[in-house]
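Throughout, a chain's letter reflects where its sequence line sits, starting with A, and its residues are numbered from 1. Note that the coordinates shown come from a computational prediction; the quantities given were computed from them, not determined experimentally.
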Number of protein chains: 2
Amino acid sequence: MDAGAVRRRNLSAVLELVHLRRGVTRADLTRALGLNRSTIGDLVAVLAENGWVDERDDAPRSGVGRPSPRVLPRDARLVAAINPELDVIDVALVSLGAEIVARRRVPLSEPPTVAATVERAARTVAELAADHPESTVVAAGVAVPGLVRHEDGLVRLAPRLGWREEPLAAPLAAAMGIPVAAANDAHLGCRAEQSFGAGQGARTMLYLNGGPSGIGGGLVVDGRPMDGAAGYAGELGHASVDPNGPLCACGAIGCLEALVPRAALAAAVGLEHPDDDTLESALLTAIVAEDTGGPVHEEVARQLRWLAIALRGAVNLLNPERIVLGGHLAALWRAADRDQRASLLGQALPVNAADATIEVAALGGQRLLIGAAELAWDGLIADPLSAGESDAARADALPVVS
Amino acid sequence: MDAGAVRRRNLSAVLELVHLRRGVTRADLTRALGLNRSTIGDLVAVLAENGWVDERDDAPRSGVGRPSPRVLPRDARLVAAINPELDVIDVALVSLGAEIVARRRVPLSEPPTVAATVERAARTVAELAADHPESTVVAAGVAVPGLVRHEDGLVRLAPRLGWREEPLAAPLAAAMGIPVAAANDAHLGCRAEQSFGAGQGARTMLYLNGGPSGIGGGLVVDGRPMDGAAGYAGELGHASVDPNGPLCACGAIGCLEALVPRAALAAAVGLEHPDDDTLESALLTAIVAEDTGGPVHEEVARQLRWLAIALRGAVNLLNPERIVLGGHLAALWRAADRDQRASLLGQALPVNAADATIEVAALGGQRLLIGAAELAWDGLIADPLSAGESDAARADALPVVS
DNA sequence: ATGATACGTTGTGCACACCAACAAATCAGG
DNA sequence: CCTGATTTGTTGGTGTGCACAACGTATCAT
């Protein structure tokens with residue numbers, strides 16, 4: 001580690017705080033980073049020169065002493081967030097501080113091929129960027145409903161889209177002329193919740209999302225997203241919960257996601273492909289309306305029992321301090337009564353159950369886009385000055401294909 | 001991060017390499033750390049001045065060019081490693097480079113209380129230290145067969161010893177006058193295997209050990225040991241593998257360790273409390289002697305089936321690149337035939353199964369002591385100069401109770 | 001108004017890693 | 001055995017970046 005690395009680290013730490021807290025005072029920065037006032041002043045000045053932040057004097061007056069100027073993220077640079085799905089490609093431009101500046105949902109008549117995804121996404125990003133001439137789109141992140149190799153953004157398998165061993169990040173980068181990184185959608189949901197949602201502050205966390213194509217998840221270990229050896233960690237949906245259970249689409253027996261399907265929950269309340277909010281409110285309504293022991297109660301109780309078994313294993317293995325539930329698992333949690341909630345971790349070792357709090361995901365429909373944007377910001381925040389002169393020349397500094 | 005932090009980090013990185021590789025040339029250090037020759041020379045000189053390393057010119061001649069002196073760990077400082085068990089307290093002095101310099105197994109007539117453990121361990125360490133007057137014992141680590149809170153080394157529960165909510169690190173530190181850290185024995189086995197055994201080089205690894213009191217484990221994530229929120233991670237032994245299975249001692253149903261007990265394997269080969277080596281060789285002998293389908297084959301196959309179910313969940317959740325098996329799980333693996341070995345990860349997602357290799361633990365009976373020593377070295381290696389003048393004054397720099 | 005408090009600003013010093021030039025120790029080839 | 005090539009250690013000089021102290025500035029409390 002040389003002296004330059006110190007500078008890079010400190011600049012990166014400042015920028016990361018500005019990003020995560022959407023603006024902080026310089027005084028906050030000195031306290032959070034333990035650096036000298038003069039050093040912080042210098043670092044902020046460098047970031048301001050390079051177009052990353054603005055300083056403003058509209059500090060909320062708080063206490064005696066000279067007020068500290070606020071350091072705010074600047075929108076001169078944006079990243080693109082892309083989420084291809086079965087019937088839509090969701091595209092957004094996201095600022096530092098994770099504000100969605102522009103968003104367009106491009107409807108599809110049929111599931112997209114990779115080529116179509118690349119073409120539509122690149123075009124849509126260009127159109128959205130044209131509406132924001134004062135900003136430059138400097139990188140992109142893609143949330144893919146499937147397994148993505150993180151070293152090069154190759155989609156190993158996305159059953160819902162019918163993709164298999166398809167390069168994705170590379171052609172997108174070629175089409176857009178900026179670095180592109182891709183990752184599993186649940187991983188990125190986890191990142192988003194960790195940075196800006198229900199996972200804030202948790203150093204060890206398990207995120208579980210119940211979507212139409214199954215149950216995915218993500219992990220945070222020591223405050224950092226955990227990908228595993230190649231990027232496929234977090235697949236608790238394919239943990240065994242019943243060795244005598246049904247055959248799962250993955251070929252194994254008794255997977256969690258085969259026993260806790262979103263479709264069954266939706267069917268119990270008479271819906272077919274509800275979105276998260278619709279499913280949740282229908283479920284809560286049904287639970288209130290129905291007598292205890294009715295079919296909705298039954299299905300909720302059944303799914304909670306299986307979920308508890310899977311959570312027991314994960315909680316005993318990881319000793320997380322937080323568990324965040326999204327999608328129909330969030331709906332399940334909301335529909336559960338006091339006893340059912342307690343029993344979710346009831347069979348875990350007491351010490352592990354005591355450390356863990358269960359929360360419901362907070363970011364709703366913006367989750368995947370914010371997560372994809374986080375992925376895109378990663379390399380830039382890690383080394384803010386490399387983006388200084390030519391934004392395109394920095395491609396190889398990223399864990400990304402350009 | 002200030003300038004001094006750079007120095008600390010670099011010194012620490014050099015010392016860590018010397019420790020892990022049990023000596024390296026200065027040329028190796030420049031390559032491994034990417035620092036300048038002159039910087040490495042300076043760092044090594046500082047470490048040598050402070051009694052951490054020796055330089056010797058006995059380099060193995062390899063190729064042209066001026067030979068690089070070897071930097072070797074020096075035994076001026078030692079750490080104590082302590083492992084209380086049911087019928088013995090195992091104590092050792094361990095050098096930088098993880099060589100066991102002295103060891104004594106103190107036999108017990110009955111399971112030790114915490115007070116007895118503290119007294120016997122402290123006395124034994126003092127006696128061993130007296131045999132090595134040229135060295136100073138500067139810290140200690142304890143491997144506990146139970147759940148240990150890592151912030152203060154309090155034993156939450158050690159069923160085998162009958163301990164519950166017992167402070168351990170604090171009284172030991174008081175008795176010995178040096179910093180003491182304590183952790184779960186399987187965690188420390190994992191650390192030992194990671195640093196010096198079958199886990200070397202793995203950045204994501206799952207360690208699983210089958211002992212007489214159950215199945216414990218440890219995790220390595222991003223090259224660093226993973227403890228969880230409070231220190232209780234790795235308990236895959238209490239993952240559910242059969243919701244209709246037997247009641248486990250932990251109060252839950254169908255835990256892995258209830259279905260894969262060491263005692264059943266030992267009983268199958270007619271032994272009662274065999275050590276690891278005895279069990280393994282007896283099992284291998286029996287497998288060869290017995291016809292396929294016999295009771296030993298049956299028990300091995302049965303246990304492997306349950307183990308596969310638990311491993312599936314863990315592998316899909318973590319996407320590890322290595323799985324290390326110890327204790328009777330290692331014996332199981334050794335006894336398994338080709339097909340059985342393949343089927344251990346056969347139900348995991350193919351991408352996850354492809355990334356993971358299964359290995360057998362390599363360090364045998366020294367594992368826990370080496371792991372406990374690793375724990376003790378942690379704080380010292382992280383900041384070598386703080387130990388320079390007064391070895392005792394550095395206590396509060398450690399994640400440890402003094 | 002006045003002191004106390006908190007913060008930004010400026011100039012200086014220092015720690016530390018890098019660099020370039022040189023010296024030393026080996027190997028290969030004659 | 002000598003010579004050149006190669007690799008590495010050594011030395012003195014240089015530059016970068018953070019800390020620190022002293023001072024200026026803006027707010028609050030009385």
Are the side chains of [X] and [Y] in touch, meaning some heavy atoms are under 4.5 Å apart?
X      : Y      : result
A:R8   : A:L385 : no
B:L96  : B:I381 : yes
B:Q194 : B:V324 : no

Identify whether any heavy atom of [X] sits under 4.0 Å from a base atom; if not, whether one sits that close to sugar-phosphate; answer base, sugar-phosphate or nothing.
X     : result
A:G4  : nothing
A:N10 : sugar-phosphate
A:R9  : nothing
B:R8  : nothing

Inset, instruction - Could you check A:G65 against B:D28 and say which one's nearest nucleotide on DNA chain D is further toward the 5' end? - result: B:D28
Minimum heavy-atom separation for [X] to [Y], with atom names?
X      : Y      : value
B:V94  : B:A81  : CG2-CB, 4.1 Å
A:P69  : A:E55  : CG-OE2, 3.8 Å
B:A48  : B:R74  : O-NH1, 4.5 Å
B:I370 : B:F196 : CG2-CD1, 3.9 Å

Interface polar pairs with nucleotides 10-14 of chain D, N/O, under 3.5 angstrom:
{"from": "D:dT10", "atom 1": "OP2", "to": "B:R26", "atom 2": "NH1", "distance (Å)": "3.2"}
{"from": "D:dT10", "atom 1": "OP2", "to": "B:R26", "atom 2": "NH2", "distance (Å)": "2.4"}

Return the value, rounded to whole Å, for the distance between atom [atom1] of [X] and atom [atom2] of [N].
X     : N      : atom1 : atom2 : result
A:I40 : D:dC20 : CD1   : P     : 14 Å
B:L35 : D:dG9  : CG    : P     : 13 Å
B:R56 : D:dT8  : CZ    : P     : 21 Å
B:M1  : D:dA19 : CE    : P     : 11 Å

Inset, instruction - Would you grab the first and last nucleotide of DNA chain C (5' to 3') that comes under 4.0 Å of any non-hydrogen atom in chain B? - result: C:dC16 to C:dC27
Inset, instruction - For the side chain of A:P67, starting at C-beta, report the closest nucleotide among D:dA19, D:dT27, D:dT7. - result: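 The listed nucleotide nearest to A:P67's side chain is D:dT27.
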Inset, instruction - Determine, for B:D42 against B:R7, whether the closest basic-nitrogen to carboxylate-oxygen distance falls under 4.0 angstrom. - result: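 A salt bridge links B:D42 with B:R7.
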Inset, instruction - Please answer whether the main-chain N or O of B:C190 pairs with a side-chain N or O of B:E193 as donor and acceptor at a distance below 3.5 Å. - result: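 It does not hold such a pair.
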Legend entry - A:T39 vs D:dA19: side-chain N/O to OP1/OP2 distance below 4.0 Å: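 It does, given that an N or O in the side chain of A:T39 lies less than 4.0 Å from OP1 or OP2 of D:dA19.
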